[in-house]
Engineer: 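Here's a structure for you.
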Amino acid sequence: MAGPGSERLVRNALRCYPERWRSRHGEEAAELAMLLMRDGTPARSIAWSYFKGAARTRLVQPRRRLRVAVGALVAAACSLGVSLALLTSSAPANAVTGPCSGVARGAGAASHGPIPDGHDYVAGDTARSSASISISVTTGKPANSSAMSGHDQRC
Amino acid sequence: MAPREAERDGAGGQDVLRRAGDASVLILTSLAGGAKHGYALIKDVKGFAGVELGPGTLYGALERLEQIGLIEALPAEDRRHPYRITPAGVTALRVHLDAIERVRVAGRLRLGLEGI
């Protein structure tokens, strides 16, 4: 026969379930526990089974929420990655004004044909390489529109 | 998985119970003989399989099976909810038992217990 201690143990185990579960199965589960104890099943094993069930129930629900959160994080990381890729694609513009400007100029000569004036080329390449800055650094004038459209086509 | 998906997969021959766990198969097998509530399910499973399902395991499996549409709860009698197997559950159980049967036959053949 189930004593008050056994009943309390089972009730405590059932309290570990989420509210939603208890409102649906709580009374039935308590009654089932009483019937099993009446048949001779130890209260400890019933309570342990409910503890494990409660843990599983609580672990399964956050897993679904976790999947949504991970999906949102991946989407955010992807959009951040695209932004970073755009920023890094503008990096050669900085390189032109730095110590490697000769290399950049050479690369530009290879891809854009003959350079009438190195200085003019640098200004044009700066505008061409930078997606976000449309004003030429060296001339202070708006960048060549045909060069910009060329950059857009490459992206 | 939505009930409709479970029904479709069962009809398509996919074994949706393959990863569902033994408790789910035992419960479906028990419910295949008629609707039962928790206590009757535990007693029936112990009778035909010799397995004593813990009440926590039982409710976990019942909730999972109900979510995927293989069983459904009937209106409560007192505080007890009887459950019954759905047509999708019948199909899923049949597909699973066929898969087990193939494994059983292959195993017995390879052990030299059949076909000699």
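Only this structure's heavy atoms are used, side chains among them; waters, hydrogens and symmetry mates stay out. All chains are named by letter (A, B, ...) in the order of the sequence lines, taking the proteins before the strands, and each is independently numbered beginning at 1.
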Engineer: In the single-linkage hydrophobic clustering (I, L, V, M, F, W, Y; side-chain heavy atoms under 4.5 Å), do Y17(A) and L9(A) co-cluster?
Structural biologist: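 No, Y17(A) and L9(A) fall in different hydrophobic clusters.
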Engineer: Determine whether E31(A) and Y39(B) make a side-chain contact, defined as any pair of heavy atoms from C-beta on separated by less than 4.5 Å.
Structural biologist: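 In short, these two side chains do not touch, never coming nearer than 4.5 Å.
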Engineer: Minimum heavy-atom separation for S49(A) to G56(B), with atom names?
Structural biologist: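 S49(A) and G56(B) have their closest heavy atoms at OG-N, 2.8 Å.
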Engineer: Apply salt bridge (charged side-chain N to carboxylate O under 4.0 Å, His left out) to residues R80(B) and E27(A) and explain how you reach the verdict.
Structural biologist: CA-CA 8 Å; R80(B) 299 170 181 180; E27(A) 288 301 312; over 6 Å; no
Engineer: When you check the gap from the basic side-chain N to the acidic O, do R24(A) and E66(B) get nearer than 4.0 Å?
Structural biologist: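 Judged by the 4.0 Å cut-off on N to carboxylate O distance, R24(A) and E66(B) do form a salt bridge.
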Engineer: For D39(A) and K43(B): C-alpha separation, side-chain torsions, deciding distance, then whether side-chain contact (heavy atoms from CB on, under 4.5 Å) applies.
Structural biologist: CA-CA 11 Å; D39(A) 289 351; K43(B) 291 291 159 196; 3.0 Å; yes
Engineer: Check the orientation of H25(A) and H81(B). Use parallel for under 30°, tilted for 30 to 60°, and perpendicular for over 60°.
Structural biologist: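 H25(A) vs H81(B) ring planes: perpendicular.
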Engineer: For the hydrophobic clusters of this structure (ILVMFWY residues joined by side-chain heavy atoms under 4.5 Å, transitively), does one cluster hold both V45(B) and L36(A)?
Structural biologist: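 Linked within one cluster.
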Engineer: Please state whether the side chain, the backbone, both or neither of W48(A) comes within less than 4.5 Å of a heavy atom of chain B.
Structural biologist: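 Neither; nothing under 4.5 Å.
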Engineer: Any chain of hydrophobic side-chain contacts (each under 4.5 Å) joining F48(B) to L97(B)?
Structural biologist: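 Linked within one cluster.
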Engineer: So for atom CZ, which belongs to R104(B), do other residues, nucleotides or ligands contribute more than 12 heavy atoms lying within a distance under 6.0 Å?
Structural biologist: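 Yes.
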Engineer: Are I42(B) and L35(A) close enough that some pair of their side-chain heavy atoms sits under 4.5 Å apart?
Structural biologist: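 No, side chains not in contact.
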Engineer: Within a strict 4.5 Å, meaning less than it, do heavy atoms of the K52(A) and T57(B) side chains meet?
Structural biologist: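 No - every pair of side-chain heavy atoms lies 4.5 Å or more apart.
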Engineer: Is there a side-chain contact between Y59(B) and T57(A) (heavy atoms, below 4.5 Å)?
Structural biologist: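 Result no, sub-4.5 Å side-chain heavy-atom pair not found.
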Engineer: Please classify the contact between L62(B) and chain A as side chain, backbone, both or neither, with a heavy-atom cut-off of under 4.5 Å.
Structural biologist: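 Contact with chain A is absent: no heavy atom of L62(B) under 4.5 Å.
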Engineer: Checking heavy atoms, do the side chain of S45(A), its backbone, both or neither come under 4.5 Å from chain B?
Structural biologist: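 S45(A) has no heavy atom closer than 4.5 Å to chain B.
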Engineer: Quick one: what part of F51(A) sits under 4.5 Å from any heavy atom of chain B, side chain, backbone, both or neither?
Structural biologist: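 Neither part.
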Engineer: About how many Å separate OG1 of T41(A) and CD of E52(B), when rounded to the nearest 0.5 Å?
Structural biologist: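 These two atoms lie 5.0 Å from each other.
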Engineer: Report yes or no: do V25(B) and L65(B) belong to one cluster of Ile/Leu/Val/Met/Phe/Trp/Tyr joined by side chain heavy-atom distances under 4.5 Å?
Structural biologist: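 In one cluster: yes.
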Engineer: Are L28(B) and V51(B) linked, directly or through intermediate hydrophobic residues, by side-chain heavy-atom contacts shorter than 4.5 Å (ILVMFWY only)?
Structural biologist: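 In one cluster with V51(B): L28(B), yes.
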